[in-house]
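Remarks on the structure that follows.
Both counts, for ligands and for their atoms, begin at 1 and track the order of listing.
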Amino acid sequence: MAGGGAEPLPALVNPCVYIARMPEDQPETLLPDDNGLARAAVLLGQGHVLALPTETVYGLAADARSDMACARVFRAKGRPRFNPLIVHLQDIAGAEALAEVCSTARDLARAFWPGPLTLVLPLKAGHGLSPLATAGLDTVAIRVPSHPVARAVLALFGGPVVAPSANPFGRVSPTTADHVRQGLGGAPAAILDAGPCAVGLESTILAPGLSGIRLLREGGLPSEVVEAMTGPLIPDTAPGTVQAPGQLAGHYAPAVPVVMDSDLSEHAAVRIGFTADQAADLHLSQSGNLAEAAARLFDVLHRAESLALARNEPAIHVAPVPKTGLGRAINDRLRRAAAMRH
Ligand code: TXA
Ligand code: MG
């Protein structure tokens, strides 16, 4: 690392604390032990961004109260500034300090936090978050992760942490530390490596409101599980009213065109089967287990991309995946990957 000169410092930041990173710097690899967790909290406090494991995907974590730290997240991902970030907290009490938590939101939080659920809630006055975290909106997306490493870092740091998925904007999300290294290179100051993520799909995003609960993104908490408690969710599919960029067509895309619902008869392609008994190059699960397929989806897409580039194949073909439970979010991600224009 080298000091000074690389970028202007916002007035909010104490220049004695901030140490600029140079493009050639490589991320430190941190282990999820006492030293690694403590180092992660120190780096967050110094305004750095670091890749952090959560139960869904690896996140690119930074201090949600710091303009400079949030700006560095947008720059590292190449993400447009109008896309707000998710704020990660330790518990419901933390959410109540930042946002108006209505009774529906509280019921959802009690049922599914910690876990793969994000709630979009109205901001409270004096919330203290950087306007970059919320993209200047009057709402904030909040998630309480269940991964013990993410929780330990949140506890040591003691403040709100933004963490979008730790991938370049629009590309396949990372479920291992290697995916982060391949995608973001030296952009994060450190990568806290705790192995593969168990859920493998980003959180489900819900926006409770007066007219019901809007489903902004299918994710690691199947919508049927929520609906069993709340009744029907309101699908947020009206064209032109994109609430979450994760809902954009052409998101989650490998560098090679993706064809979904394929019968895998095309041989000039990298082929991904749903179950191990299908003739294919890669498989999402052994015996058709959707939780296993969800956990493996992004890793299989990363591998298929490398294979296609190495073999000079023009496409990635994916067999049909059932459209229930976690299969909803799997199909959602495949649909968006397939919509990418190359
Ligand atoms: O599982 C996850 O949610 C992961 C892990 C790291 O926690 N994070 C994640 O973040 O997927 P990201 O930035 O890739 O996706 C956040 C989504 C975006 O689509 C964004 O538009 C939406 O949340 N979002 C954030 N704030 C919002 C708001 N106030 N209203 C509507 N959507 C919002
Ligand atoms: Mg993302």
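Near Ser165, meaning under 4.0 Å from any of its heavy atoms, are these atoms of ligand 1: 8 (N), 9 (C), 10 (O), 12 (P), 14 (O). Atoms of ligand 1 found under 4.0 Å from any heavy atom of Arg217 (numbered from 1 in listed order, with element): 2 (C), 3 (O), 9 (C), 11 (O), 15 (O), 16 (C), 17 (C). Close contacts between ligand 1 and Val120 involve ligand atoms 28 (C), 29 (N), 30 (N), 31 (C) [criterion: under 4.0 Å to a heavy atom]. With ligand atoms numbered from 1 in the order given, ligand 1 contributes 5 (C), 7 (O) to contacts under 4.0 Å with heavy atoms of His88. Listed by atom number, the atoms of ligand 1 under 4.0 Å from Ser203 heavy atoms are 1 (O), 2 (C), 3 (O). Set against the non-hydrogen atoms of Gly59, the atoms of ligand 1 under 4.0 Å away are 6 (C). Proximity to Arg79 (heavy-atom distance under 4.0 Å) selects the following atoms of ligand 1: 12 (P), 13 (O), 14 (O), 18 (C), 20 (C). Which parts of ligand 1 touch Leu216 is read off a 4.0 Å heavy-atom cut-off, strictly below it: atoms 31 (C).
Counted by atom type alone, Arg143 and Thr54 present one or more donor-acceptor pairs between their side chains at under 3.5 Å. Neither side chain, Thr118 nor Arg217, offers a donor N or O lying under 3.5 Å from an acceptor on the other. Side-chain contact of Ser165 with Glu202: a donor-acceptor pair under 3.5 Å is absent, judged by distance alone.
Because the distance cut-off is set at 2.8 Å, Ser165 qualifies as a neighbour of the Mg ion (ligand 2) through one of its N, O or S atoms.
Between Asp332 and Arg336, at least one side-chain nitrogen of the basic residue sits less than 4.0 Å from a carboxylate oxygen of the acidic one, meeting the salt-bridge criterion. One finds a salt bridge joining Arg181 and Asp178 here, because a Lys/Arg side-chain nitrogen approaches an Asp/Glu carboxylate oxygen to under 4.0 Å. Classification of Glu218 and Arg335 as a salt-bridged pair fails, no side-chain N sitting under 4.0 Å from a carboxylate O.
A distance-only check finds no donor-acceptor pair linking the side chain of Arg65 to the backbone of Pro160 [under 3.5 Å].
Heavy atoms of Leu85 found under 4.0 angstrom from ligand 1 belong exclusively to the backbone.
Not a single heavy atom of Pro116 sits under 4.0 Å from any atom of ligand 1.
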Would Thr230 and Thr104 count as a side chain to side chain contact (heavy atoms under 4.5 Å, CB included) here? Give the steps. CA-CA 9 Å; Thr230 63; Thr104 308; 5.5 Å; no

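Geometrically, ligand 1 and Lys77 share no nitrogen or oxygen pair separated by less than 3.5 Å.
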